[in-house]
Amino acid sequence: MAKIRLPADPGRFTIAKASAGNYMVRNDRTGKNEVIIPCRDRNQAEDICKRLNEGTHSGEIWV
């Protein structure tokens, strides 16, 4: 499991598909505040996206 640190104001997260076909969760920011979290499947991506958008994290999330 990896620990991902989030910026102070990460914004909204959405599920996207990478060019290789894998799912990822990414926010609507660019530059140093951009967060991209690769996922195993759609179910994991939905779970992570839901937790991030609800704010049930303390500045970092275990994936």
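Taking every heavy atom of both residues into account, Y23 and A45 meet most closely at CB-CB, 4.2 Å. Taking each heavy atom of Q44 and R40 in turn, the nearest pair found is OE1-N, 2.6 Å. In this structure, R51 and I61 approach most closely via the heavy-atom pair NH2-CD1, 3.3 Å. Scanning both residues, C49 and I15, for their nearest heavy atoms gives CB-CG1, 4.1 Å. Nearest approach of R29 to N33, heavy atoms of both residues: CB-O, 3.6 Å.
In this structure the side chain of R26 reaches within 4.5 angstrom of the side chain of E34, judged on heavy atoms. Taking 4.5 Å as the limit, some side-chain heavy atom of C39 sits within range of a side-chain heavy atom of V25.
Residues I36 and L6 are members of separate hydrophobic clusters, defined by side-chain heavy-atom contacts under 4.5 angstrom among Ile, Leu, Val, Met, Phe, Trp and Tyr. Both I48 and V35 belong to a single network of hydrophobic side chains, linked directly or stepwise wherever heavy atoms of I, L, V, M, F, W or Y lie under 4.5 Å apart.
Rounded to the nearest 0.5 Å, atoms CG (N53) and CZ (F13) are 7.0 Å apart.
With respect to the salt-bridge test (charged N to carboxylate O, under 4.0 angstrom), the residues E46 and R42 qualify.
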